[in-house]
Trainee: 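Could you have a look at this structure, given as structure tokens, before my questions?
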Amino acid sequence: MSVEEFFDRVISVKLPEDCESLDIIDQTLLPGTVKRINLRTKEELWEAIKKLRVRGAPAIGVAAAEGLAMLAKKIDTADQQEFYRQFKEIADYLATSRPTAVNLFWALNRMDAFCRDHLDLPVDQLKQELIAESRRIREEDVQISRNIGAIGFKIMQQVRKPGQPVGILTHCNAGTLATAKYGTATAPMYTALEQGWAGTDMHVYCDETRPLLQGARLTSFELYNAGITTTLQCDNMVSMLMQQGRIDVVFVGCDRVAANGDAANKIGTSGVAILAKHYGVPFYVCAPSSTIDHDTPTGAQIPIEMRGPDEVTEMWYKERMAPEGVDVFNPAFDVTDHSLITGIITENGLLSAPYEL
Ligand SMILES: CSC[C@H]1O[C@H](OP(=O)(O)O)[C@H](O)[C@@H]1O
């Protein structure tokens with residue numbers, strides 16, 4: 001299967017030409033079942049984001065933009081003010097689905113601003129323009145990933161030991177499934193393939209990423225199917241991999257970068273960063289500039305989504321693996337201090353400390 005065929009198979013969000021629904025791969029069923037579902041209402045889209053059927057900061061942004069355009073097309077009025085009232089009501093509702101990934105709010109705000117700036121148009125024409133704007137957000141995300149991939153591929157070439165595949169560790173899924181196409185943390189790997197590297201020129205170690213196992217279910221699924229040498233490990237095995245010298249570089253995605261460079265990403269990322277610092281492994285955050293939140297001064301102000309206990313105690317087990325009623329701590333993200341980040345790879349270039357974003 002070619003890289004392009006692979007992308008076509010796993011593209012996570014699609015807005016069909018008729019714009020009657022938003023079609024997503026239900027990521028909660030992966031890797032065992034690749035099933036596309038058609039979202040037609042704001043409630044279905046909200047639930048899909050909340051339950052991580054569509055997930056990953058950039059993919060959530062694209063889904064929100066294209067989903068909002070799809071829902072706006074169904075608003076039944078010719079009056080611009082009434083159209084905007086209903087449009088804004090949908091956007092505000094979608095904004096309540098998840099709190100941490102800033103791309104959700106960035107995309108909704110961009111669509112809202114576009115709508116307000118074009119309210120002079122007849123409603124039917126405005127609907128088409130909103131669809132076009134949402135597709136621009138998608139295409140921009142593809143180009144953003146390409147730019148991140150090009151920078152990350154250069155880093156891979158720099159850290160590769162002679163005669164060996166470059167050892168890469170990643171946490172969670174910041175791949176094709178989390179974006180419009182190339183991923184962010186995986187963009188360097190896919191770029192390497194497009195630049196003629198063989199899958200055996202790199203060896204990617206995927207953290208399973210408890211409790212929702214995005215690394216096991218999604219990243220290893222993506223990379224293994226793309227023909228890249230892939231190893232899956234439990235999150236508590238990272239130290240040994242680094243101690244054995246197997247990891248040359250860490251690439252992770254992110255959900256929000258604060259103005260001082262602190263980065264929120266999937267829970268467990270900050271631990272990886274601390275280990276990388278200890279073992280002298282370069283640690284890069286791959287961040288579309290839309291993920292950088294200039295209005296949030298430090299990581300301490302980033303809202304961290306807290307999720308339910310079942311994801312920890314019983315979601316993946318035949319029997320409960322903890323006593324009924326035990327208290328469970330289940331933050332979906334943590335914040336990596338900027339002092340632990342070697343560089344932030346954005347579509348506009350590689351940012352290094354001190355971060356003044
Ligand atoms: C391309 S960044 C994706 C980012 O989003 C993931 O969170 P979730 O699976 O809860 O949506 C994770 O933090 C990834 O790094």
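Read the numbers this way: they start at 1 and go in the same order the structure lists the ligands and their atoms.
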Trainee: Please walk me through it: do Glu20 and Arg40 pass salt bridge (charged side-chain N to carboxylate O under 4.0 Å, His left out)?
Mentor: CA-CA 7 Å; Glu20 288 303 310; Arg40 290 184 170 81; over 6 Å; no
Trainee: Which atoms of ligand 1 sit under 4.0 Å from any heavy atom of Asn173?
Mentor: 3 (C), 14 (C)
Trainee: Do Lys73 and Glu66 sit within salt-bridge range, that is, some charged N less than 4.0 Å from a carboxylate O?
Mentor: no
Trainee: Backbone, side chain, both or neither: what part of Ala174 comes under 4.0 angstrom of ligand 1, heavy atoms only?
Mentor: both
Trainee: Check this for me, if you would: do Arg110 and Glu140 make a salt bridge, where the nitrogen-to-carboxylate-oxygen distance has to be below 4.0 angstrom?
Mentor: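 Salt bridge: yes.
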Trainee: Decide side chain to side chain donor-acceptor pair (under 3.5 Å) for Asn173 and Arg55; before the verdict, give the C-alpha distance in whole Å, the side-chain angles of both, and the deciding distance to 0.1 Å.
Mentor: CA-CA 9 Å; Asn173 174 253; Arg55 45 138 309 274; 2.9 Å; yes
Trainee: Check the side chains of Thr100 and Asp255 for a donor-acceptor pair under 3.5 angstrom, ignoring hydrogens and angles.
Mentor: no
Trainee: Can a cation-pi geometry be assigned to Arg160 and Trp197, taking NZ or CZ under 6.0 Å from the six-membered ring centre and within 45° of the ring axis?
Mentor: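 Yes, a cation-pi geometry.
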Trainee: Specify the protein heavy atom at minimum distance from atom 9 (O) of ligand 1: its residue, its atom name, and the distance to 0.1 Å.
Mentor: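 Answer for atom 9 (O) of ligand 1: Arg55 NE, 2.7 Å.
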Trainee: Pull out every atom of ligand 1 sitting under 4.0 Å from any heavy atom of Leu52, numbered as shown with elements.
Mentor: 9 (O), 10 (O)
Trainee: Any idea which protein heavy atom is nearest atom 4 (C) of ligand 1, and the distance to it?
Mentor: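 Protein heavy atom with the smallest distance to atom 4 (C) of ligand 1: Asp255 OD1, 3.5 Å.
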Trainee: Tell me, which protein residue and heavy-atom name are nearest atom 15 (O) of ligand 1, and how many Å apart are they?
Mentor: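 In this structure, atom 15 (O) of ligand 1 has Asn265 OD1, 2.4 Å as its nearest protein heavy atom.
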Trainee: Any atoms of ligand 1 less than 4.0 Å from a non-hydrogen atom of Arg98? List them with their elements.
Mentor: 8 (P), 10 (O), 11 (O)
Trainee: Does any N/O atom on Gln214 come nearer than 3.5 Å to any N/O atom on ligand 1?
Mentor: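 Yes, since at least one N or O of Gln214 sits under 3.5 Å from an N or O of ligand 1.
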Trainee: Report the nearest protein non-hydrogen atom to atom 12 (C) of ligand 1: residue, atom name, distance rounded to 0.1 Å.
Mentor: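 Looking only at protein heavy atoms, the one closest to atom 12 (C) of ligand 1 is Cys172 SG, 3.4 Å.
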Trainee: So is Ala57 close enough to ligand 1, meaning a heavy atom under 4.0 angstrom away?
Mentor: yes
Trainee: Side chain to side chain donor-acceptor pair (under 3.5 Å) with Asp207: which of His171, Lys266, Gln214?
Mentor: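 Filter result, single survivor: His171.
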Trainee: Which distance, rounded to the nearest 0.5 Å, do you find between the CD of Glu311 and the CE of Met315?
Mentor: 5.5 Å
Trainee: Do me a favour and list the nearest non-hydrogen protein atom to atom 2 (S) of ligand 1 with residue, atom name and distance?
Mentor: Cys254 O, 3.5 Å
Trainee: State whether the shortest distance between N or O atoms of Gly56 and N or O atoms of ligand 1 falls below 3.5 angstrom.
Mentor: yes
Trainee: Looking only at heavy atoms, what is the nearest atom pair of Leu223 and Cys206, with distance?
Mentor: CD1-SG, 4.0 Å
Trainee: Just to be sure I read this right, does ligand 1 sit under 4.0 Å from the backbone of Lys266, its side chain, both, or neither, counting only heavy atoms?
Mentor: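 Both the backbone and the side chain of Lys266 come within reach of ligand 1.
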Trainee: Against heavy atoms of Pro58, which atoms of ligand 1 measure under 4.0 Å?
Mentor: 1 (C), 2 (S)
